[in-house]
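Accompanying notes for the structure given below.
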Amino acid sequence: MKLTSEGILKKQDWIPSGIQLPSYSAVQAAEEGKAHPVWVHFGIGNIFRVFLGGIADDLLACGALKAGITAVETFDFDIVDRIYRPYDNLILSVILHEDGREDRKVLGSVSEALHGVSSFPQDWDRLRAVFASPSLQMVSFTITEKGYALYDTAGGLSALVQEDFRNGPVSPKHAMCIVTAMLLERFKAGAAPIALVSMDNCSQNGRLLREAVLTVAEAWLEAGYVSKDFLSYLQDEHLVAFPWTMIDKITPRPSLDVARRLKESGVEDMDPVLTSRRTYIAPFVNAEGPQYLVIEDSFPNGRPALEKGRGVYLTDRDTVNRAERMKVTACLNPIHTALGPCGVVLGYDLFSDEMQDPDMLLLANRVGYLEGLPVAQNPGILSPKAFLDECMQHRFPNPYLGDTCLRLCTDASQGLGVRFGVTIRSYMEKDGNASCLRGIPLAIACWLRYMMAVDDAGNPYELAPDPLNEEMCACLKSVRLGHPESVTDQLNSFLSNENILFVNLFEAGIADEIIRLFKKMLAGPGAVRATVHTEVTSW
């Protein structure tokens with residue numbers, strides 16, 4: 001069987017594989033999406049494909065949506081060329097349950113995939129036309145925390161953003177500048193309302209997106225590229241809304257075992273690929289079953305019936321904020337960020353295997369139940385305790401999910417502030433300092449030790465992609481394994497950097513503890529294991 005529009009018409013061939021095909025016409029959904037676009041999405045990797053693509057598939061199947069999604073990529077164009085277009089934008093979803101069952105389904109919810117930069121003129125013109133269309137209701141994003149960043153770690157505008165500010169909206173390269181340029185097209189075409197919906201794991205992601213777009217527009221206004229009326233259009237949330245969201249679905253990198261099983265079932269061309277931007281991606285997406293998407297219901301041009309999709313909650317901003325803080329700062333992401341780097345250093349590949357380690361389980365419990373949960377606000381629609389229990393007892397230990405410790409380290413520096421800094425700040429506000437914390441300082445020390453790219457046995461490994469890899473490697477260059485005394489003041493600038501951590505850890509009263517733990521981990525082979533074991537068993 002071929003995962004193409006023509007291939008899925010041969011329905012009898014697919015029946016033995018147990019793969020469910022769309023109950024609607026994917027071709028018609030694509031045609032409607034091109035003629036009357038409703039939903040655009042930026043950042044078209046795995047979480048988009050399996051979760052948001054799955055929600056749109058639910059809506060198309062029940063008739064609540066007629067048009068497919070316009071998928072836009074601004075960073076890794078190989079994804080468009082190697083994963084979308086050869087497969088007619090179809091997606092093969094594989095849900096991996098903890099009992100070993102697999103739910104396989106072809107999703108036909110993407111109408112077109114576009115390169116979102118002006119160096120692809122045909123796609124750029126198409127994107128401009130989509131944004132000018134009055135039928136467009138929402139633009140969503142899964143571009144990770146770094147996609148919104150206009151500033152570097154020193155607090156200055158990045159070189160790419162400076163270039164876009166100088167050159168204006170004709171040919172921007174940064175995602176936020178591209179989006180602002182497209183909003184300018186919409187403004188010129190009649191200033192129709194629109195909702196811009198960040199679905200990334202960022203604290204108050206809607207505010208972050210809004211501030212980035214307004215910053216770009218203000219810079220272009222100052223340079224004379226846009227009018228004050230355009231800025232006023234963007235500032236009016238009755239016209240351009242930025243709903244806040246919380247999104248949650250663990251989506252590991254494509255599994256070779258899943259690829260093998262699909263090929264054994266007769267599906268052709270299922271091999272994962274590594275793109276030039278080091279994205280590991282495949283025609284299929286494997287993910288867990290549980291999923292949550294909590295969205296502020298603020299859509300000035302209307303919206304699809306998102307609540308008909310599985311796991312979607314439409315609510316108010318305050319509830320979204322509490323749900324996001326529950327998940328991102330207390331119950332899920334902090335545990336990933338605490339254990340992922342440590343797992344790599346200790347030689348674990350799969351996160352589910354690391355979750356069987358008694359020491360790692362104690363660290364996870366400390367970071368989640370004892371340090372995160374007490375300062376997590378209850379969103380009402382979800383119970384923080386029940387959510388954390390589900391993570392710890394069912395989601396994290398799922399041996400079939402195949403989530404890797406190294407994946408959890410990807411862009412980890414960009415999440416340290418929201419995943420640890422927010423909790424640290426909560427304790428500072430409550431107690432005056434955060435010196436009562438034990439798990440979070442150990443987790444930060446483990447991340448620093450991970451950044452040395454040498455495991456606990458002395459073997460080198462390649463770091464996961466992260467914008468701070470080069471900077472942190474330079475910072476730690478003079479630190480030597482087996483020589484704790486080589487640590488002097490190298491970590492001070494990092495531990496006091498509020499742009500990264502959201503808080504000065506010296507002022508929080510835990511920087512010296514992190515340095516102490518980091519130095520202990522340098523004592524020699526096995527020092528990380530010994531340090532972690534000593535600490536977690538002393539709590």
Side-chain angles (χ1 to χ4, degrees), residues 1-4 7-8 14 16-20 44-51 53-54 76 78-87 89-107 142 249-291 336 339-341 343-356 395-411 455 459-466:
M1 297 100 71
K2 288 184 177 294
L3 185 65
T4 62
I8 64 172
W14 292 77
S17 68
I19 298 172
Q20 183 179 345
I44 57 177
N46 289 327
I47 186 67
F48 159 70
R49 298 166 72 212
V50 74
F51 194 176
D76 193 338
D78 284 351
I79 296 175
V80 174
D81 297 330
R82 302 177 67 180
I83 296 300
Y84 278 83
R85 291 182 176 175
Y87 301 90
N89 305 315
L90 297 173
I91 301 160
L92 181 47
S93 163
V94 181
I95 302 302
L96 305 167
H97 297 282
E98 61 178 322
D99 60 3
R101 289 181 297 112
E102 290 184 1
D103 292 334
R104 302 170 170 184
K105 187 178 185 182
V106 173
L107 311 178
T142 51
K249 187 178 185 69
I250 299 173
T251 309
R253 60 187 283 168
S255 165
L256 291 175
D257 288 336
V258 172
R260 174 180 52 77
R261 290 194 291 271
L262 290 173
K263 287 188 283 187
E264 288 173 352
S265 296
V267 188
E268 299 178 22
D269 302 324
M270 287 291 107
D271 290 324
V273 300
L274 183 64
T275 71
S276 58
R277 290 293 188 106
R278 295 189 62 214
T279 302
Y280 190 79
I281 196 165
F284 64 90
V285 185
N286 44 249
E288 65 171 348
Q291 58 186 40
H336 273 168
L339 267 64
V344 173
V345 176
L346 293 179
Y348 284 106
D349 178 25
L350 296 180
F351 182 57
S352 57
D353 290 342
E354 186 184 8
M355 284 296 295
Q356 306 304 313
R395 300 174 66 186
F396 293 164
N398 183 347
Y400 300 99
L401 189 56
D403 203 7
T404 66
C405 294
L406 193 62
R407 184 194 75 85
L408 301 179
C409 298
T410 302
D411 298 332
D455 69 19
N459 303 309
Y461 55 79
E462 186 175 357
L463 297 171
D466 190 299

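Throughout, residue positions are numbered sequentially from 1 according to the sequence presented. Values below: every heavy atom of this structure, side chains too, minus hydrogens, waters and symmetry copies.
Ser276 and Asp78 make their closest contact through N-OD2, 2.8 Å (heavy atoms, listed as atom of the first residue, atom of the second, distance). Considering all non-hydrogen atoms of both residues, Ser255 and Phe284 come closest at O-CZ, 3.4 Å. Between Lys249 and Ala287, the shortest heavy-atom distance links the atoms CE-CB, 3.9 Å. In terms of heavy atoms, Glu98 sits closest to Tyr400 at O-CE1, 3.3 Å. When all heavy atoms of Asn398 and Ser352 are compared, the closest pair comes out as O-CB, 3.5 Å.
Side-chain contact check for Val273 versus Ile281: some heavy-atom pair is nearer than 4.5 Å. You'll find the side chain of Trp14 reaches within 4.5 Å of the side chain of Val106, heavy atoms only. With a 4.5 Å cut-off on side-chain heavy atoms, Leu463 and Tyr461 count as touching. Using a 4.5 Å heavy-atom threshold, the side chains of Leu401 and Pro252 count as touching. Residues Asn46 and Pro254 form a side-chain contact, since some pair of their non-hydrogen atoms from C-beta on lies under 4.5 Å apart. In this structure the side chain of Arg104 reaches within 4.5 angstrom of the side chain of Ser265, judged on heavy atoms. Under the 4.5 Å side-chain criterion, counting only non-hydrogen atoms from C-beta, Lys105 is not in contact with Ile95. Two residues are said to be in side-chain contact when any heavy atoms from C-beta on lie closer than 4.5 Å; Phe351 and His336 meet this criterion.
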Worksheet item: Is there a side chain to side chain contact (heavy atoms under 4.5 Å, CB included) between Val50 and Gln291 once you walk through the steps?
Response: CA-CA 10 Å; Val50 74; Gln291 58 186 40; over 6 Å; no
Practice prompt. Take Thr251 and Phe51, measure what side chain to side chain contact (heavy atoms under 4.5 Å, CB included) needs, and give me the verdict at the end.
Written response: CA-CA 9 Å; Thr251 309; Phe51 194 176; 6.0 Å; no
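Relative ring orientation between Tyr84 and Phe48 is described as parallel, the plane-to-plane angle staying below 30° on a 0-90° scale split at 30° and 60°.
Separation of atoms OG1 (Thr275) and CG (Asp81) is listed at 10.5 Å; rounding is to 0.5 Å. Here the straight-line distance linking atom CG of Leu350 with atom CG of Asp403 works out to 8.5 Å at 0.5 Å rounding. Residue Leu3 holds its CG atom at 5.0 Å from CG of Leu90, rounded to the nearest 0.5 Å. Considering CG of Leu92 and CE of Met270, their distance stands at 5.5 Å, rounded to 0.5 Å. Rounding to the nearest 0.5 angstrom, the gap separating the CG atom in Leu256 from the CZ atom in Arg261 is 11.0 Å.
Looking at residues two or more places apart in sequence or on another chain, you find a side-chain hydrogen bond (donor to acceptor under 3.5 Å, both in side chains) between Thr279 and Asp76. Lys2 meets the salt bridge (charged side-chain N to carboxylate O under 4.0 Å, His left out) test with Glu268; sequence neighbours excluded.
Under a 3.5 Å cut-off, the side chain of Arg407 and the backbone N or O of Gly340 do not form any donor-acceptor pair. Here the side chain of Glu354 pairs a donor or acceptor atom with the backbone of Gly343 at under 3.5 angstrom. A donor-acceptor pair under 3.5 Å links the side-chain atoms of Tyr87 to the main chain of Asp269, judged by distance alone. Looking only at distances, no side-chain donor or acceptor of Asp103 sits under 3.5 Å from a matching main-chain atom of Val94.
Counting only residues at least two apart or on different chains, the salt bridge (Lys or Arg N to Asp or Glu O under 4.0 Å) pairs with a member in residues 270-290 are Lys263-Asp271, Arg278-Glu462, Glu288-Arg395.
Checked options Asn89, Ile83, Ile44; the residue passing with Arg49 is Ile83 (criterion: side-chain contact (heavy atoms from CB on, under 4.5 Å)).
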